[in-house]
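Report on one structure; see the data block that follows.
Sequence lines set the chain letters: A, B, ... in the order given, protein chains first and strands last, and positions in each chain run from 1. The basis for the numbers below is simple: all heavy atoms, side chains too, and nothing from hydrogens, waters or symmetry mates.
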Amino acid sequence: MRDLIKKYFKLLIISLFVISVLIFWAASGANPTNIQPIAYNHKLHIESVELICSDCHIYVESMPSATIPNISICEECHSDDPITDSPEELKLIKYIVEEEQIPWQQIYSVPDHVYFSHRRHVSIGELDCSECHGHVEEMTEPISYPAWLPSMDNCIACHNELKITKDCLSCHM
Amino acid sequence: MPKWAMVIDLDKCTGCGDCMAACKLENNIAIVSPEEANVGRVMFWMDMITTYEGEYPNIKVKRIPKPCFHCDNPPCTRVCPVYATYKNDEGLVGQIYHRCIGCRYCMVACPYTAKVFNWYEPKWPDEFKSCLNPDVSLRMVGVVEKCSFCAHRLIKVKENADMEEREIYDGEYSPACGESCPTNAIYFGDIDNKESQVYKLSQSSRSYREMENLGTEPKVIYLSKRE
């Protein structure tokens with residue numbers, strides 16, 4: 001009888017372990033690839049076309065929000081005729097032809113009670129985009145998680161290091 | 001470092017209540033039902049104190065707009081157990097809603113009753129939802145809130161000034177109440193700057209501060225010829 005319990009106990013432990021691994025695998029996003037509607041290639045646009053960030057994120061230097069470019073910006077270069085033989089470009093052309101906005105997913109965001117300004121950090125603070133957004137020039141496809149988490153801990157760490165104000169009212173309202 | 005202060009000229013004020021409405025819209029302040037308002041749960045950051053003197057038909061009405069006084073020696077910040085309300089270097093008394101635990105000590109400590117409490121989850125009529133100001137966060141149930149001197153406007157003004165590499169000029173930063181006042185009775189500016197209009201008005205013989213004997217040193221200064 002005791003052996004039987006021991007045997008089943010082991011089996012129970014093993015099955016619990018297997019189930020927890022399965023749950024963890026499912027919860028952690030087993031397929032964390034592209035969440036964006038188009039697998040935009042930053043590297044290609046930066047290296048071959050020699051675009052800079054503010055060419056597409058047009059308000060990054062002058063407004064609090066940098067803005068995510070949509071078809072009105074894309075169609076300045078892309079038209080009905082594909083430039084490359086990439087299937088991703090065909091997806092873009094479809095959006096342009098149908099005059100439909102690309103449903104980009106925003107990855108970097110701060111909560112409602114936090115004020116973040118791109119122009120404060122980029123134009124006045126003269127920070128490089130890569131400080132928060134990582135090495136975008138090496139990204140061949142969109143990332144599905146932030147390269148740097150915009151959490152209060154991370155903000156304060158940088159504000160401490162650069163001796164920038166930590167007054168609550170400068171970010172929270 | 002500037003020290004922001006407000007001057008309200010009661011001789012100019014007609015008591016129309018435009019400042020209250022502008023404040024309510026600017027800061028996404030919740031609308032409270034009339035029944036709740038009657039039991040003292042009305043929410044105004046810019047309130048209007050109305051007093052009547054004399055007997056009918058010779059009644060004298062006094063209407064006094066009352067925002068948070070952003071005291072230089074604020075009693076509210078001393079009692080806050082979680083540092084949710086504090087005075088910053090520019091003299092603004094801030095209220096950080098996500099830090100607030102809703103104990104309401106600060107409301108009790110404030111001699112001017114400038115603070116209000118969210119008794120319910122704020123709700124707006126559907127027509128209002130598209131009119132909410134995106135620069136001001138929505139508060140949740142169970143936190144204390146109060147006039148911020150429109151600190152969100154200060155951030156924008158500072159950014160504009162820094163972009164153009166200049167100082168903030170007198171009158172550039174004004175809260176919504178001051179901007180909306182039809183008789184220009186509300187002045188706003190840096191009281192440490194001797195050139196500013198606010199400083200000059202604060203030196204007027206008509207100027208007084210509310211409950212000065214308490215030593216709270218309020219930064220809202222009233223001007224009035226009347227007693």
Checklist entry - Is the backbone N or O of A:Asp112 less than 3.5 Å from a side-chain atom of B:Ser137, with the two atoms forming a donor-acceptor pair by type? => result no
Checklist entry - Does a sphere of radius 6.0 Å around CD in B:Glu164 hold more than 12 heavy atoms from other residues, nucleotides or ligands, not counting ones at 6.0 Å or beyond? => result yes
Checklist outcome for this item: When the 4.5 angstrom heavy-atom criterion is applied to B:Asn160 and chain A, the contacting part is both
Next on the checklist: Can you confirm whether more than 12 heavy atoms, excluding those of A:Asp85, are under 6.0 Å from its CG atom?
Outcome noted: no
Checklist entry - More than 12 non-hydrogen atoms from neighbouring residues, nucleotides or ligands closer than 6.0 Å to OH on B:Tyr208, yes or no? => result yes
Checklist entry - Can you check side-chain contact (heavy atoms from CB on, under 4.5 Å) on A:Met173 and B:Ile155, steps first, answer last? => result CA-CA 10 Å; A:Met173 48 207 45; B:Ile155 291 189; 3.0 Å; yes
Item to check | A:Asp167 side chain reached by B:Tyr86 side chain, heavy atoms, under 4.5 Å | outcome: yes
Next on the checklist: Would you say CD of B:Glu167 has more than 12 non-hydrogen atoms from neighbouring residues, nucleotides or ligands within 6.0 angstrom?
Outcome noted: no
Next on the checklist: Do A:Ser117 and B:Glu159 make a side-chain contact, defined as non-hydrogen atoms from C-beta onward lying under 4.5 Å apart?
Outcome noted: yes
Next on the checklist: Just verifying a value: how many Å separate B:Asp162 CG and A:Arg120 CZ, rounded to the nearest 0.5 Å?
Outcome noted: 4.5 Å
Next on the checklist: Tell me whether the count of non-hydrogen atoms from other residues, nucleotides or ligands lying under 6.0 Å of CD in B:Gln203 goes above 12.
Outcome noted: yes
Item to check | Approximate separation, where rounding is to 0.5 Å, of B:His98 NE2 and A:Met152 CE | outcome: 11.5 Å
Next on the checklist: Any heavy-atom pair between the side chains of A:Ile124 and B:Met163 that's under 4.5 Å?
Outcome noted: yes
Checklist outcome for this item: Ranked by heavy-atom pairs below 4.5 Å to chain A, first place among B:Asn27, B:Asp89, B:Leu154, B:Leu138 goes to B:Leu138
Item to check | Side chain, backbone, both or neither of B:His152 within contact of chain A (heavy atoms, under 4.5 Å) | outcome: both
Checklist entry - Near B:Tyr105 OH, under 6.0 Å, is it more than 12 heavy atoms from other residues, nucleotides or ligands? => result no
Checklist entry - Near B:Lys200 NZ, under 6.0 Å, is it more than 12 heavy atoms from other residues, nucleotides or ligands? => result yes
